[in-house]
Each structure stands twice: as structure tokens, then as C-alpha cells.
Amino acid sequence: MLYIDYAWLPNEDINEVEIKYRFRNALWFKTNDKTTMNNRITLPKPKESNEVKLIVQGLFRKNEYRFKLMHDHILLLK
């Protein structure tokens with residue numbers, strides 16, 4: 001993992017947060033049964049902590065990362 005970033009808008013009308021990430025040699029990503037090739041995902045804004053699993057598929061291997069999505073920051077568990 002090169003980086004992970006938590007972006008949210010302080011607008012009460014928008015109930016989503018955007019997680020931006022970057023990996024070396026990643027082909028696609030999977031989270032919440034949704035596969036994407038984008039380097040960002042949009043999730044509902046949590047009121048309490050929420051654990052999210054992100055699967056990164058590379059050319060020869062697959063890694064699983066878990067992070068805890070808090071109201072205003074993100075914690076990488078693995």
C-alpha cells in the first residue's frame with residue numbers, strides 16, 4: 001500500500017465519504033461485493049465505527065486489508 005486517504009464533505013446533505021487509496025501493481029479492488037478498477041470507493045458516512053474489508057488483486061497475488069472507518073478518520077487494521 002502506498003497510501004490511503006479519507007475525504008468527506010462537511011455538508012449535512014451528503015451522507016457519503018470517499019476513501020482514496022493507491023497500491024503498487026494492483027489490477028482491481030473489491031469491497032462490499034463490488035469490484036472496481038478505480039482507486040477510490042464511496043461509502044455511507046458512519047455514525048459510529050464501521051469495519052470495511054478491501055481486497056486488492058494484483059497480477060500474481062491477492063491481499064486483504066481491513067480498516068475501521070470512523071466519523072472523521074480511518075484506522076488501518078491490516
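Counting begins at 1 with the first residue of the sequence. These values consider heavy atoms only, across backbone and side chains, with no hydrogens, waters or symmetry-generated copies.
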[atom2] on [Y] to [atom1] on [X], rounded to 0.5 Å:
X     : Y     : atom1 : atom2 : result
Trp28 : Gln57 : CH2   : CD    : 4.5 Å
Glu51 : Leu75 : CD    : CG    : 10.5 Å
Leu54 : Asn63 : CG    : CG    : 10.0 Å
Lys30 : Thr36 : NZ    : OG1   : 13.0 Å
Met70 : Ser49 : CE    : OG    : 5.0 Å

Applying ring-ring contact (aromatic ring centres under 6.0 Å, His included) to Phe29 and not counting sequence neighbours gives Tyr21, Phe23
Over all heavy atoms of both residues, which pair between Leu69 and Pro44 is shortest? Give the atoms and the distance, please.
CD2-O, 4.3 Å
Does a side-chain heavy-atom distance below 4.5 Å link [X] with [Y]?
X     : Y     : result
Leu77 : Phe67 : no
Tyr65 : Val56 : yes
Lys62 : Ile55 : yes
Lys53 : Glu64 : yes

For Asn38, look at atom CG and say whether over 12 heavy atoms of other residues, nucleotides or ligands are found less than 6.0 Å away.
yes
Assess whether a salt bridge exists between Arg40 and Glu18, defined as any Lys/Arg side-chain N lying under 4.0 Å from an Asp/Glu carboxylate O.
yes
Can you name the one residue among Asn39, Thr31, Leu43 that meets side-chain contact (heavy atoms from CB on, under 4.5 Å) with Ile19?
Leu43
